[in-house]
Each structure stands twice: as structure tokens, then as C-alpha cells.
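Predicted model, so just to flag it, every value in this text is computed and none were measured.
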Amino acid sequence: PFTAAIASSLTPFPLSQVRMGDGVFKDSMAVNDRVMDEIGVERALYCFRFNAKLPTNGAKPLEGWATPEPHGTFPGAYEGHYLSALAQLAAATGDPRRVEQLNYMVAELGKCQDALGDGFLFASPAEEFNPDRLDGVVWYRMHKLMEGLVDAHRHAGNAQALEILKKLAGWIDGRMKTYEGQWDKVKKVEFGGMTEAFENLYEITQDPHHYGLALAWEEREKILDNYFHGKDFNEHANTLLAKMVGAARVAEVSHSDYHRVATANFWDLVAGSGRKTYATGGTSVHEGMPGVRSLANTQSRMPQETCVSHNLLKVTRSLLHLSGDPAYLDYYERTLYNSILGSQDPQTGWKSYYQPLNANAQKDFRSHLTGCYCCNGTGLENPAQYGAEIYSHDGGALRVNLFIGSTLSWPEEGLELRQKTNFPYDSDTYLSLQTKVPAEREIGIRVPSWCRSGFVLEVNGEVQKVEAKPGTYALLKRVWKTGDSIHCAMPMSFSTYEMPNKPTQVAFLYGPLVMVGFLPSPTLGELVGDPKDPKGWPNHLESWFQPVECKTLQFWARDGAGQIVQFVPYFTLGANLFFTGYWDLVTTPTPREKNNLAFGRRTTSDSPDPIGVNVESFMRSSKAVDGQYGGPDDWYVKWFPNGISPHWITVDLAGENDVTGTEWFLSTEDIKDRIPYRYRIETSTDNQTWQPYADHSENKEFSPSYPDQKALKARYVKLTLLPMPGLPSHQARAKVAEFKVFGKPVK
């Protein structure tokens with residue numbers, strides 16, 4: 001358990017003092033900037049105005065979780081994130097347009113609050129906060145609204161946001177008093193980070209009553225006492241993380257040693273020695289927290305919800321500020337580059353909900369207009385916060401934490417620091433200073449733990465003799481003046497990140513970057529070699545990985561069976577691309593069929609909806625051609641069409657081929673229930689004119705798979721699942737574990 005006293009602390013710079021420079025993070029911010037405009041303030045205000053019975057200015061309501069009552073699931077939560085993102089963007093960019101949008105949104109929320117009366121403000125009726133209702137996790141949603149108002153004041157200096165929030169806090173206080181004797185019932189429903197919201201309000205107001213309200217939402221005996229004593233506790237992952245973000249803020253703002261120890265132990269159990277995180281830094285298995293060191297074979301099970309990564313970084317930031325320990329930055333950087341930067345599709349700006357890492361996985365991106373899920377909400381905030389921990393200070397001592405192109409303005413010290421880098425495509429970074437007057441100060445440059453050798457610092461072209469132990473700061477203390485420059489070289493190398501309970505199941509990293517196998521893996525994630533052979537891999541990863549092209553971060557490797565795999569950074573992958581994150585190291589490969597023409601090919605279907613309403617990972621039609629079916633992960637690697645049959649899936653064989661047969665396989669639960677299915681198969685050369693291939697529209701016999709044989713030439717093969725009379729609705733929805741098309745192997 002963590003019990004060490006605080007040795008030092010770090011103070012982060014406000015977002016308004018850091019401007020992003022050229023690089024992958026600025027590019028990501030630009031994509032998200034377009035997303036913010038596609039949503040728009042008027043649509044973000046719709047549910048609040050609707051609930052307050054005010055004109056909605058002709059705006060079109062958002063869909064999915066942000067649909068207004070009575071059909072909405074969680075209206076207000078997504079919009080609260082939008083408000084936070086606006087405030088953070090206004091600060092991070094200084095864009096007058098964002099400032100104007102923020103001030104307008106806050107003013108309109110104030111009108112809604114006045115119309116509702118009694119200080120109440122929400123996107124749904126107040127009755128939903130009654131203990132016998134608590135519809136749609138209302139306190140979870142309230143937390144998002146409160147944080148949006150906090151951010152509007154804290155980051156953008158909006159005074160009205162604070163006044164609205166204080167009135168709302170008064171209404172919440174009154175509602176909390178009605179819960180006497182019913183708190184257990186109330187807290188059984190996900191209530192988000194209400195502790196965080198009130199602690200952040202207390203930081204601003206210094207009103208002890210707000211601090212008391214923050215503590216009232218804690219679950220000290222159930223959760224915090226366990227962590228304080230170094231014991232593990234598990235529940236729904238993001239429910240737990242929101243509570244621990246609150247504990248971390250109490251530790252940071254109110255200097256509570258109890259909360260500091262509990263939070264540090266929690267972090268160690270998750271991201272430290274407990275090894276609950278994947279190589280990307282994310283955690284959660286189908287929204288639940290995994291056990292300590294128990295992640296093996298979970299990487300396909302709808303893992304690492306992006307909201308959880310977002311909140312883990314919040315906890316990490318608090319612990320970094322409290323302790324000053326740069327070891328937290330190794331985790332922060334790895335999660336930032338992989339789970340966070342990699343959670344946004346670089347084309348559409350859609351955000352990922354889950355992030356699978358199994359063989360032949362695809363990222364799970366969701367629309368910001370039609371889904372409005374929780375991870376879309378935190379996803380709006382993530383790019384706005386990229387500058388949050390690049391720099392920090394300990395008194396007058398400056399710390400460079402992350403290697404991201406940016407400019408720091410520190411007017412209190414009369415200093416401006418500009419960082420130019422092409423990291424991670426280039427592992428060097430360059431810093432230049434401007435000072436009002438020459439002054440002596442200490443500048444610490446973080447030495448990443450992944451830089452095991454070759455770290456070099458130069459000041460004005462001269463190599464510096466400094467201690468540069470990985471996981472610490474290399475300290476430069478001198479009189480700095482305008483024009484001084486620092487060059488930092490930190491060579492990256494390859495390493496493996498092993499599953500804690502299965503060392504032969506590994507991911508590969510290059511510096512902090514998770515490198516994934518690009519395109520479908522015909523070996524289904526098996527790499528052949530002898531780990532005990534000192535001349536083999538992965539003992540000599542630098543010689544095993546060869547660059548495809550200099551400075552592109554693309555590599556190829558050849559395993560012991562001669563299989564060539566191309567590796568690319570996880571964060572670069574967009575939608576509809578197959579990749580493999582974790583690999584099984586084996587000495588003997590599992591035999592695989594080689595004449596399945598459909599494997600890894602592009603699929604289309606009538607489900608999920610093409611605009612992204614239903615994009616659960618198991619609803620992707622690509623799951624039917626990923627080569628994986630059966631076994632304990634069958635639920636996550638099958639295609640599960642949305643709604644009862646009929647449904648169709650088409651496979652593009654990428655060229656006209658000699659087809660000899662087809663076979664489609666039932667899911668494990670359908671095999672167990674011995675459900676017969678009816679279907680048709682058709683073929684085409686142009687995806688327009690279709691020829692019958694097999695017709696089983698009157699089938700009544702169960703089979704674990706349905707094979708058909710017929711020789712012809714085709715490029716497209718379509719499987720149509722037909723209704724089966726008499727089946728319950730949940731069974732009249734065929735689940736396709738795999739769809740194969742046989743013939744001569746495609747070259």
C-alpha cells in the first residue's frame with residue numbers, strides 16, 4: 001500500500017497558457033473542432049430549453065442518448081460534456097468565436113434556470129430526482145452539467161456560470177435533504193462524479209458547505225476504506241472511476257491524506273502493480289473492472305471503454321500534482337497516445353466507445369450526432385485537454401513533461417518556452433526560450449522510462465553532463481536568457497507488454513506507442529518462434545522489426561514460420577481497418593484453412609445503420625469474416641444483426657474468383673439451443689445483378705453450420721437470413737459466427 005509522505009508537488013499550467021504547435025495532437029484538435037461545429041450550440045441547448053418550455057430556435061434535437069423526454073435515454077449528459085469542451089477550447093485556443101459560443105450557451109442556460117425556478121436546471125423534469133424514480137441515472141447526468149459550468153468559470157472566466165452553479169447547488173442541497181434514510185437506495189443508481197463536482201465548486205468558493213456536500217456523495221466504507229488499506233474493490237468500471245476521480249480531487253484540493261493514500265493505492269491496483277490495464281493504458285472488460293493481474297484473453301470482450309481511460313487520466317493528473325513523481329507521466333503519456341489520441345476516427349471525428357485489441361479487431365467508432373454516447377461526450381473534451389500536462393512547475397522550477405509541439409507563456413516569471421518536435425515520428429525535441437530578463441532557474445526535462453539508453457541533452461549546442469535516469473527528470477540549472485536553446489535526444493526502442501497472467505500473450509510497443517499488426521492476420525494473432533532461443537524473438541526486437549520507410553513509424557517483422565506482419569501505431573488507425581493488438585507467442589502454429597476467399601474482405605450489410613446509430617462491436621458485419629468464431633469469446637466475434645430477420649450481408653472478394661462453395665456458422669448460443677435457420681445465398685459479378693446460389697427458405701432442420709457447394713465465377717456473395725416462423729423474437733435474429741466462401745486462394 002502507498003503510504004509515503006509527499007516529497008514535492010507540481011502545479012499544472014492553465015490551458016490558456018499553452019498553445020498547441022504543429023503535430024499529431026494539433027491535427028486531432030482540428031478534426032474535433034469540426035465535430036464541435038457539426039453539433040452546434042443550439043442543438044446542445046435543445047433539451048434544456050425543451051424542459052424549461054422555452055423556444056428551441058428551430059434547432060434539430062440530437063439523437064440517441066441526447067434525445068429529449070419522453071424518448072430520451074440520458075438527455076443532458078452529452079450536452080454537459082459539450083459545454084466543458086467549449087470552455088476548454090476557448091481557453092486552449094483563445095478563439096474569440098469559441099468564447100462567444102460559450103458565453104451564449106451559459107446565458108441561455110441561465111434563462112432556462114430562471115424559467116424553471118427555485119435554482120433548478122436540468123434537461124429533464126425535477127420529478128426524476130425522486131428516490132423512487134432516479135430515471136436515466138439523473139445524478140450521473142447532473143454531474144456532467146455541473147462540470148460544464150465549473151469549466152466555463154475555471155477555464156474561460158465566465159462569472160455567470162458560477163452564479164448559475166451556486167443556485168443549482170442550493171437546489172441539489174434541498175433535494176439531498178429529502179433522501180433521509182434512502183441514501184442506500186439512491187446510491188445504487190449510477191451517480192457519476194458528484195463528489196468531484198462539489199469539490200471543484202468548493203475549490204472556487206471555499207464554502208465549507210460545498211465541501212460537506214462533496215463528502216456526502218462518497219462511499220467511504222464500501223470503497224475508500226478498502227483502497228486505503230490496499231485492498232481491491234470492483235464494480236462497473238466507469239461508475240467506480242467517477243467516484244475515484246472525486247476522491248482524487250478531495251486529496252488534491254482539500255489536502256486529505258486519507259483520500260491521497262486511498263487514491264494512490266487505487267491507481268497502483270489498476271495501472272501499477274495490479275496490472276489491470278492493457279498496453280494502451282485502458283481498462284474495463286465489457287464495462288466491468290477486471291481482477292488484479294487477470295487480463296489474459298479478454299482483449300476481444302468489448303474492453304477498455306474510452307470514458308474509463310479519460311477518467312483514469314484525471315486520477316493520474318491529481319496524483320502527479322500531489323507527488324511530483326514523473327513515474328505517473330509514463331502511464332499518462334502511453335494512455336494519451338494510445339487510448340485517447342487513438343479514440344477518434346481521423347476522418348469523421350467519431351469517437352470510440354470500446355477499444356478491442358484482439359486478432360482481427362476493428363475500432364468501434366460512434367457518431368456524435370446520432371448516438372451521443374458517454375464516450376462521445378468525454379471524446380469532445382479529450383482534444384481540448386491535450387495541453388494540460390505538457391508543462392508544470394514546482395515554484396520557479398519548470399518541468400517539461402511531454403514532447404508535444406507547443407508554446408508555454410509564463411507571464412508571472414517573464415518566460416516563454418517554445419517546443420518544436422515531430423515526435424513521435426522523430427524522437428528529438430527542441431526548446432527555445434525568451435525571457436524578459438536573464439534569470440537563474442531550474443528546468444527539468446523528463447527522461448521517459450521507455451528511453452533505456454542514448455538520452456542526450458544539449459544547451460546551445462553543447463552536450464550537458466546531467467544525471468538522466470529513466471523515469472526521472474534530467475535537471476538543468478543555470479542563468480537562462482533569450483535565445484537559449486535545448487535539444488533533447490531520446491531514442492525509442494521496441495519492447496513487449498505482456499498479459500500479467502499469460503506472459504506468452506503480448507503487445508508490442510515502440511517507445512510509448514502500441515504497434516499493432518495491420519490488416520487481417522491469417523494466423524489469428526499467432527506468432528511462431530521460440531521465446532527461449534536467445535537468437536530468436538522477442539529477445540532481439542530491434543533486429544526483428546525492420547522499418548518499411550524511414551520516419552513513417554511503419555515496420556515489418558517475419559516470425560519463425562516465415563509469416564510477414566506489418567506493424568503501425570495504434571493511434572493512426574481509422575474505421576473499418578482490421579488489426580491485431582495482442583499476439584500469442586507459440587512454438588507450433590495452429591493449422592489454418594487457406595481457401596476461405598471471404599476472410600478479411602470488405603463487407604456490407606443492412607445492419608447496423610450506416611449513419612452509426614447502432615455500432616456495438618458485435619453488430620459489425622466484418623465480424624462475420626474475421627476468422628474467429630466459437631469458444632468463450634463467441635459473443636464478441638460474431639455478427640449480431642440489429643433486429644429480427646430478414647437481414648443480409650455481402651462479401652466483396654476483391655475481384656472475380658472461382659467460387660466452389662460457401663458455409664456459414666451459427667453462434668454458440670444458437671448451437672446450444674439447436675435453432676434451425678432459413679436463408680438464401682446469391683452471387684454477383686457487379687454487385688447489382690444477382691444470381692441464385694442456394695435457397696433454403698423453407699429449411700426446418702438444425703445444423704451447427706450450413707454448407708453449400710456450387711462452382712461458378714463471382715466477386716460478390718450475399719447471405720440473406722430469413723424469418724423462421726414460431727421462434728421467439730430474440731431467437732428469430734440469427735447470429736452469424738462466420739461466413740466463408742471457398743475457392744482458389746486469392747493472391
Can I get a per-line list of side-chain donor-acceptor pairs under 3.5 Å for residues 191-202, giving both atom names and the distance, sequence neighbours left out?
residue: Thr195; atom: OG1; partner: Ala214; partner atom: O; Å: 3.0
residue: Glu196; atom: OE1; partner: His143; partner atom: NE2; Å: 2.8
residue: Glu196; atom: OE2; partner: Lys314; partner atom: NZ; Å: 3.0
residue: Glu199; atom: OE2; partner: Ser254; partner atom: OG; Å: 2.5
residue: Asn200; atom: OD1; partner: Arg249; partner atom: NE; Å: 2.7
residue: Asn200; atom: OD1; partner: Arg249; partner atom: NH2; Å: 2.9
residue: Asn200; atom: ND2; partner: Glu147; partner atom: OE1; Å: 3.1
residue: Asn200; atom: ND2; partner: Glu147; partner atom: OE2; Å: 3.0
residue: Asn200; atom: ND2; partner: Glu196; partner atom: O; Å: 3.3

Original post:
Asp606 and His647: side-chain hydrogen bond (donor to acceptor under 3.5 Å, both in side chains), yes or no, with the steps?
Top reply: CA-CA 6 Å; Asp606 64 341; His647 283 296; 3.1 Å; yes
Original post:
Yes or no on side-chain hydrogen bond (donor to acceptor under 3.5 Å, both in side chains) for Glu305 and His310, after CA distance, side-chain angles and deciding distance?
Top reply: CA-CA 9 Å; Glu305 183 184 348; His310 172 92; over 6 Å; no
Original post:
Are the charged groups of Glu163 and Lys167 less than 4.0 angstrom apart, N to O?
Top reply: no
**OP:** Indicate yes or no: at least one non-hydrogen side-chain atom of Thr283 is less than 4.5 angstrom from one of Pro290.
**Re:** yes
Original post:
Side-chain contact, heavy-atom cut-off 4.5 Å: Leu240 with His236?
Top reply: no
**OP:** Could you tell me whether the side chains of Tyr386 and Ser28 share a donor-acceptor contact shorter than 3.5 Å?
**Re:** yes
Original post:
Do Glu218 and His259 meet the criterion of a side-chain donor-acceptor pair at a distance under 3.5 Å?
Top reply: yes
Subject >> Side-chain H-bond candidate by donor/acceptor type, Gln355 with Tyr570, under 3.5 Å >> reply: yes
Subject >> Side-chain ion pair, Arg97 and Glu100, N-O less than 4.0 Å >> reply: no
Subject >> Residues Leu54, Cys112; criterion side-chain contact (heavy atoms from CB on, under 4.5 Å); working and verdict >> reply: CA-CA 7 Å; Leu54 295 177; Cys112 293; 4.0 Å; yes
Subject >> Cationic tip of Lys351 above Tyr353 ring, under 6.0 Å, 45° of axis >> reply: no
**OP:** Give, for atom CG of Leu86 and atom CG of Leu380, the distance between the pair rounded to the nearest 0.5 Å.
**Re:** 9.0 Å
Original post:
Can Ser352 and Thr306 be counted as having a side-chain donor-acceptor contact under 3.5 angstrom?
Top reply: yes
Original post:
Are Lys144 and Tyr82 in a cation-pi setup, meaning NZ or CZ lies under 6.0 angstrom from the ring centre and within 45 degrees of the ring axis?
Top reply: no
Subject >> Pairwise side-chain contact, Asp132 with Lys185, heavy-atom cut-off 4.5 Å (strictly under) >> reply: yes
Original post:
Do Asn238 and Lys243 have side-chain atoms, one donor and one acceptor, less than 3.5 Å apart?
Top reply: no
**OP:** Mind checking the CD1-NE2 spacing from Ile164 to His153? Nearest 0.5 Å is all I need.
**Re:** 12.5 Å
Original post:
Just wondering, do Pro356 and Pro303 contact through their side chains at under 4.5 Å, heavy atoms?
Top reply: yes
**OP:** For the pair Asp207 (side chain) and His209 (backbone), establish whether a donor and an acceptor sit closer than 3.5 Å, ignoring hydrogens and angles.
**Re:** yes
**OP:** For Leu62 and Pro68, work out which heavy atoms get closest and say how close.
**Re:** O-CD, 4.4 Å
Original post:
Less than 4.0 Å between a side-chain N and a carboxylate O, is that true for Arg366 and Asp364?
Top reply: yes
Subject >> Pair Trp410 + Tyr391: ring centers closer than 6.0 Å >> reply: no
Original post:
Which atoms form the tightest heavy-atom contact between Ala66 and Cys47, and what is the distance?
Top reply: O-SG, 3.2 Å
Original post:
How many angstroms lie between atom NZ of Lys188 and atom CH2 of Trp183, to the nearest 0.5 angstrom?
Top reply: 15.0 Å
**OP:** To the nearest 0.5 angstrom, please state how far the CG atom of Asp135 sits from the CZ atom of Arg141.
**Re:** 8.0 Å
**OP:** Would you list the pairs meeting salt bridge (charged side-chain N to carboxylate O under 4.0 Å, His left out) in which at least one residue belongs to residues 15-25, sequence neighbours left out?
**Re:** Asp22-Lys26
Original post:
Do Glu219 and Lys187 sit within salt-bridge range, that is, some charged N less than 4.0 Å from a carboxylate O?
Top reply: no
**OP:** Verify the distance criterion only: is there a donor paired with an acceptor across the side chains of Ser318 and Glu252 at less than 3.5 Å?
**Re:** yes
Original post:
Can you name the closest pair of heavy atoms from Val245 and Val315 and give their distance?
Top reply: CG2-CG2, 3.8 Å
**OP:** Please collect all ring-ring contact (aromatic ring centres under 6.0 Å, His included) contacts where either partner lies in residues 103-138, sequence neighbours excluded, each pair once.
**Re:** Phe120-Trp171, Phe122-Phe129, Phe129-Trp139, Phe129-Trp171
**OP:** Measure centre to centre between the rings of Phe25 and Tyr337, then say whether the value is under 6.0 Å.
**Re:** yes
**OP:** Give a yes or no on whether a salt bridge exists between Asp151 and Arg154, defined as a side-chain N under 4.0 angstrom from a carboxylate O.
**Re:** yes
Subject >> Shortest non-hydrogen contact from Val35 toward Thr348 >> reply: CG2-O, 3.9 Å
Original post:
Are Tyr636 and His286 close enough, and set up right, to give a side-chain hydrogen bond (donor to acceptor under 3.5 Å, both in side chains), and what steps lead you there?
Top reply: CA-CA 10 Å; Tyr636 307 98; His286 206 153; 3.0 Å; yes
Original post:
Distance only, no hydrogens: is a donor on one side chain within 3.5 Å (strictly under) of an acceptor on the other, for Glu38 and His368?
Top reply: yes
Original post:
Between Arg98 and Asp37, is a salt bridge (charged side-chain N to carboxylate O under 4.0 Å, His left out) present by the stated rule, with each step listed?
Top reply: CA-CA 10 Å; Arg98 294 301 186 202; Asp37 286 338; 3.0 Å; yes
**OP:** Would you check if Leu320 and Leu10 make a side-chain contact, meaning some heavy-atom pair closer than 4.5 Å?
**Re:** yes
Original post:
Within a strict 4.5 Å, meaning less than it, do heavy atoms of the Met289 and Glu235 side chains meet?
Top reply: no
Subject >> Pair Asp173 + Lys177: basic N to acidic O under 4.0 Å >> reply: yes
Original post:
Quick one: do the Gln362 and Ser622 side chains pair a donor with an acceptor below 3.5 Å?
Top reply: yes
Original post:
In terms of heavy-atom contacts, does CZ of Arg175 have more than 12 from other residues, nucleotides or ligands at under 6.0 Å?
Top reply: yes
Subject >> Rounded distance [0.5 Å steps], CD in Glu108 versus CG in Asn103 >> reply: 12.0 Å
Subject >> Polar side chain donor-acceptor pair, Asn576 to Arg620, under 3.5 angstrom >> reply: no
Original post:
Step by step, would you call Trp65 with Tyr78 a ring pair (Phe, Tyr, Trp, His ring centres under 6.0 Å)?
Top reply: CA-CA 8 Å; Trp65 286 13; Tyr78 185 63; 9.3 Å; no
Subject >> Heavy-atom pair of closest approach, residues Pro125 and Glu69 >> reply: CD-CG, 4.1 Å
**OP:** Would you please classify the geometry between the Phe13 ring and the His393 ring as parallel, tilted or perpendicular, with 30° and 60° separating the classes?
**Re:** tilted
Subject >> Any Leu102 side-chain heavy atom under 4.5 Å of Leu83 side chain >> reply: yes
**OP:** Starting at CZ of Phe403, measure out to CD of Glu333 and round the result to the nearest 0.5 Å.
**Re:** 6.5 Å
Subject >> Which atom of Val514 lies closest to which atom of Asn338, heavy atoms considered >> reply: N-OD1, 3.0 Å
Original post:
Does some side-chain heavy atom of Arg418 sit less than 4.5 Å from a side-chain heavy atom of Glu416?
Top reply: yes
**OP:** Please check if any side-chain donor atom of Gln304 sits under 3.5 Å from a side-chain acceptor atom of Thr280, or the reverse.
**Re:** yes
